[in-house]
Amino acid sequence: MDNKKLADRLFPKVHMTPEELEAKFPPRKLPEGAKVTRFAPSPTGFVHFGGMYQVMIGERLAHLSGGIFYLRIEDTDSKREVSDAARRLIQTLRDYGINFDEGADIGEDGTICDKGEYGPYRQSLRANIYHVYAKKLVSEGKAYPVFTSDEELEAVLAADKKEENKTKDWESEAEKQRLETLKNRNFTLDTVEKELAAGHKFVLRILADGDPNKKTIFDDLVKGRLEIPENDEDFVLLKSDGIPTYHFAHAVDDHLMRTTHVIRGEEWLPSIAKHIMLFRYLGFRMPKYIHTAQIMRLDENGNRKKLSKRDLGANMDDYDEKGYPRESVTEYLMTLINSNFEEWRAQNPSKLYTEFPFSIKKMSVSGCLFDYDKLMDVSKNTIARMSARQVYDRLLSWTKKYDTEFYILLNDNEQYAIDILSIGRGGKKPRKDFGTWSEVRNNISFFYDTLFTPDYEYLKNADKQTVLSVLSEYPTLYDERDDQNEWFTKLKSLASKLGYAPEMKEYKENPENFKGSVADIAMILRVAVTGRQQSPDTFEVIRIMGREKLTKRVALAQKSLF
RNA sequence: GCCUCCAUAGUCUAGCGGUUAGGACGCCGCCCUCUCACGGCGGAAUCAGGGGUUCGAGUCCCCUUGGGGGUACCA
């Protein structure tokens, strides 16, 4: 068999040589140790939490080392492609502030374009490049065509469909046999000519020379040293439409784009033997690999399952709608990626996460469970670290999108809103009232008359005479010039006058001497003013509301008693 | 079935041959306190099981078990 001739027959239109491609995409001129990483999603949906996990790793690795982080769209499967998915993917990544140095991008006109010298960055646009290497492999006898008639092709596609329906059963020997017959290493140039002349399509398969009884050593940067059996499967390089499979595209692209570190999910681990073989056949040096553990969820039987598309928390676009600040999610991601991040964060509350000394060594080997409680905690801390101004701005843009009524209130009186959001903010131990923007409304609604839905149950159940006395006397007692101490002293004296203990200690020691304590008096005031039994410091609340609103609220409470 | 990865409390983890097994989230209690939040203190809860190796094992090796992933002309 003349492989050279076969290659020419199979790829008559390919005239470029691998050497020319090498010259066109030369090794990058980067400082020693600079890493080139990439995010390479297929445009079949939204950015997944697990994908984002990989994005963060790739981005940090590249930019911490002075390297390049690029975006490649792996659109080799037209059947599964979702229209507009690529654009939305890019937009989501932008929303999260992820900075790509090169790769697919959204242009001025809203369509996808390429940015950078190592493109095209969409695999569907790289067919001619793959074919150069396909031809080379054929001419060296390392790959061969397998022709399928239309009927056979149909059978294959039907089998595919069956698999999609999850009736996959690999114990079926017949199924295996059927696939076996589809590949045929023994053929002549004549038969190839005949098939081509008949217009039959072919897939290009690799001619595997591996022995599965032998093991290859593979060093993964997080998983460590692995032993995997050599590949003996003549896997498909080029599908019948001439588009490469993942394996082939991976080898060609990551070589030509000069990727130094491949970060991908551990579902690729079993394919490593294939990739080792491919890189060897092609004469490429292998990049380093980081196979990341998957993010899991619990199924109804209590088993862990990969967090998949439909699961809560999977879609990176959903967090905004739920009100999580984007940086809360990235912070949470960082805590999952490097376990010492939290400690660092505690010591460096005002630094950007990009200043964190991220390390591959600190990455987890096993898959973790997505934990909403933890995300909420991280988010509360994240918001607590913001200034009132920041919180206001962020809240404003969030409500503009999701809660117009609240937005108008916030927007109408900016200073009032900032004053409210300033309560307990700043200092060493800030309040952690909200983890999401969506919680804010309910939390501070009592400050706004139109949102005020008081619950006076407490007042109705308390000693009526006391309540009336507090409500009628307090407004005359109040002086906006008082500081917190003076304010509280006045409250204590009122308590005392009404037969309530001014000091908690006093009350606790001799409860029988009093009708109650200053706490009861304070609660009456709180409920009257806020319409609820739980609120931030009443002094602060009244100070921000001002005398006018105080008077109104007290009057409203009084009215409710009759 | 075969291949492969993983295994410290409910969750995320520290540990890298000698530790009272450390921290965070969640949970419970107490304190602080005008309530809540914050904070402080304390508590319940962990080395999957079994064999080795070693003076000594959470840590190294093997087996078992459990769980994940893969086994496509999908990525």
Side-chain angles (χ1 to χ4, degrees), chain A residues 40-44 74-77 79-80 146 148 153 156-157 159-160 163-164 168-173 176 179 182 201-205 212 220 223 226-229 233 235-241 243-247 249-250 264-273 291 293-294 296 298 303-306 332 335-336 338-340 342-343 346 362 364-378 380 384 423-424 427-434 443 458 487-488 491-492 495 504 517-527 530 532-539:
Chain A
S42 63
T44 54
E74 309 228 320
D75 51 351
T76 53
D77 186 0
K79 288 192 291 280
R80 294 203 316 155
V146 176
T148 41
L153 227 176
V156 172
L157 293 177
D160 282 354
E163 271 158 11
E164 275 169 25
K168 183 151 62 174
D169 178 12
W170 286 97
E171 301 197 30
S172 157
E173 274 304 310
K176 266 170 135 179
L179 288 170
L182 284 179
K201 302 208 162 152
F202 66 90
V203 296
L204 194 72
R205 286 184 184 272
D220 184 272
K223 299 263 176 193
L226 309 175
E227 278 192 9
I228 42 227
E233 185 190 330
F235 61 93
V236 171
L237 263 19
L238 249 30
K239 299 181 253 184
S240 51
D241 57 2
I243 300 295
T245 56
Y246 170 86
H247 311 295
H250 156 53
R264 50 151 64 148
E266 66 181 347
E267 68 270 22
W268 289 111
L269 227 35
S271 311
I272 267 294
H291 286 95
Q294 325 224 258
M296 315 296 274
L298 245 33
N303 285 331
R304 287 152 105 100
K305 283 277 166 295
K306 184 173 149 183
Y332 175 48
T335 67
L336 291 180
N338 263 194
S339 53
N340 54 332
E342 272 188 283
E343 195 186 336
K362 283 286 177 185
S364 172
V365 193
S366 50
C368 61
L369 224 47
F370 184 91
D371 185 351
Y372 257 106
D373 283 335
K374 187 69 184 182
L375 169 63
M376 185 54 97
D377 178 64
V378 168
K380 280 184 174 170
I423 297 173
K428 270 264 176 210
K429 297 162 187 173
R431 292 181 69 94
K432 297 175 185 173
D433 285 314
F434 3 88
N443 204 289
Y458 179 86
W487 176 87
F488 197 41
L491 203 65
K492 282 176 181 171
M504 283 306 287
S517 76
V518 64
D520 301 308
I521 304 303
M523 186 55 85
I524 291 169
L525 185 58
R526 161 172 293 109
V527 173
T530 67
R532 50 174 88 174
Q533 291 183 60
Q534 294 171 357
S535 81
D537 186 60
T538 311
F539 165 75

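Chain identifiers are assigned alphabetically (A, B, ...) following the order of the sequence lines, protein sequences preceding nucleic acid strands; residue numbering begins at 1 within each chain.
As the counterpart of B:C55, B:G18 is assigned, both hydrogen-bonding distances of the Watson-Crick or G-U wobble pattern falling under 3.5 Å. Nucleotide B:G42 forms a pair with B:C28, judged by Watson-Crick or G-U wobble geometry with both contacts under 3.5 Å. Figure legend. B:G1 is base-paired to B:U71; pairs are counted as Watson-Crick or G-U wobble with both atom distances under 3.5 Å. Nucleotide B:U65 forms a pair with B:A7, judged by Watson-Crick or G-U wobble geometry with both contacts under 3.5 Å. Base-pair partner of B:C36: not found among the strands shown (Watson-Crick or G-U wobble, both distances under 3.5 Å).
Taking the C1' atom of each, B:A45 and B:A21 are spaced 13 Å apart, rounded to whole Å. Here, B:C32 and B:G39 have their C1' atoms 8 Å apart, quoted to the whole Å. Here the separation of B:C60 from B:A7, taken at their P atoms, is 10 Å to the nearest Å. With both ends at atom C1', the span from B:A14 to B:U8 equals 10 Å, rounded to whole Å. Distance noted for atom C1' between B:G67 and B:G26: 23 Å (whole Å).
With rounding to whole Å, A:Phe235 atom CZ is found 16 Å from B:C3 atom C1'. Atom CZ of A:Arg532 is separated from atom C1' of B:C36 by 10 Å (rounded to the nearest Å). Between the CG atom of A:Asp77 and the P atom of B:A75 there is a distance of 5 Å, given to the nearest Å. What separates CD of A:Glu343 from P of B:G15 is a distance of 11 Å, to the nearest Å. Atom CD1 of A:Ile521 is separated from atom C1' of B:C34 by 11 Å (rounded to the nearest Å). At whole-Å resolution of the value, OH in A:Tyr372 and P in B:C12 are 16 Å apart. One can place CD of A:Glu74 at 14 Å from P of B:C74, the figure rounded to the nearest angstrom. Protein atom CD of A:Glu342 is 13 Å distant from nucleotide atom C1' of B:G26, rounded to whole Å.
Between the side chain of A:Asp77 and the main chain of A:Lys79, a donor-acceptor pair closer than 3.5 Å is present. A donor-acceptor pair under 3.5 Å links the side-chain atoms of A:Lys239 to the main chain of A:Thr76, judged by distance alone. Side chain of A:Thr245 to backbone of A:Val236: a donor-acceptor contact under 3.5 angstrom is found.
Counting non-hydrogen atoms under 4.0 angstrom, A:Ser517 reaches nothing in the nucleic acid. Among the protein residues, A:Pro536 comes within range of the nucleic acid bases, having at least one heavy atom under 4.0 Å from a base atom. Counting non-hydrogen atoms under 4.0 angstrom, A:Phe370 reaches nothing in the nucleic acid. Residue contacts for A:Thr538: at a heavy-atom cut-off of 4.0 Å it reaches a base atom on one of the strands shown. At the heavy-atom level, A:Val203 lies under 4.0 Å from base atoms of the strands shown.
Applying the 4.0 Å criterion to OP1 and OP2 of B:C38, one finds that A:Lys380 has every side-chain N and O outside that range. An OP1 or OP2 oxygen of B:A14 is reached within less than 4.0 angstrom by a side-chain nitrogen or oxygen of A:Ser339. Dashed line: the shortest gap from a side-chain N or O of A:Ser364 to OP1 or OP2 of B:U13 is under 4.0 Å. Close to B:C36, at under 4.0 Å from its OP1 or OP2, lies no side-chain N or O of A:Arg431. Within the 4.0 Å cut-off from OP1 or OP2 of B:G40, not a single side-chain nitrogen or oxygen of A:Lys428 is found. Distances shorter than 4.0 Å separate none of the side-chain N or O atoms of A:Thr76 from OP1 or OP2 on B:C74.
Note on ring orientation: taking the six-membered ring where Trp is involved, the planes of A:Tyr246 and A:Trp268 are parallel (angle under 30°, cut-offs 30° and 60°). A perpendicular orientation is assigned to the rings of A:Phe370 and A:Tyr372, their planes being inclined by more than 60° (bins at 30° and 60°).
Taking the side chain as every heavy atom from C-beta outward, A:His291 and A:Arg264 approach each other to under 4.5 Å.
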Protein-proximity profile, nucleotides 65-70 of chain B, B/S/- by nucleotide at the 4.0 Å heavy-atom cutoff, equals --SSBS
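Mapping A:Cys368 and A:Gln533 onto RNA chain B by nearest heavy atom places A:Cys368 closer to the 5' end of the strand.
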Working for side-chain contact (heavy atoms from CB on, under 4.5 Å), residues A:Arg532 and A:Val527
CA-CA 5 Å; A:Arg532 50 174 88 174; A:Val527 173; over 6 Å; no
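With hydrogens and angles ignored, a donor-acceptor pair under 3.5 angstrom links the side chain of A:Ser240 to the base of B:C73.
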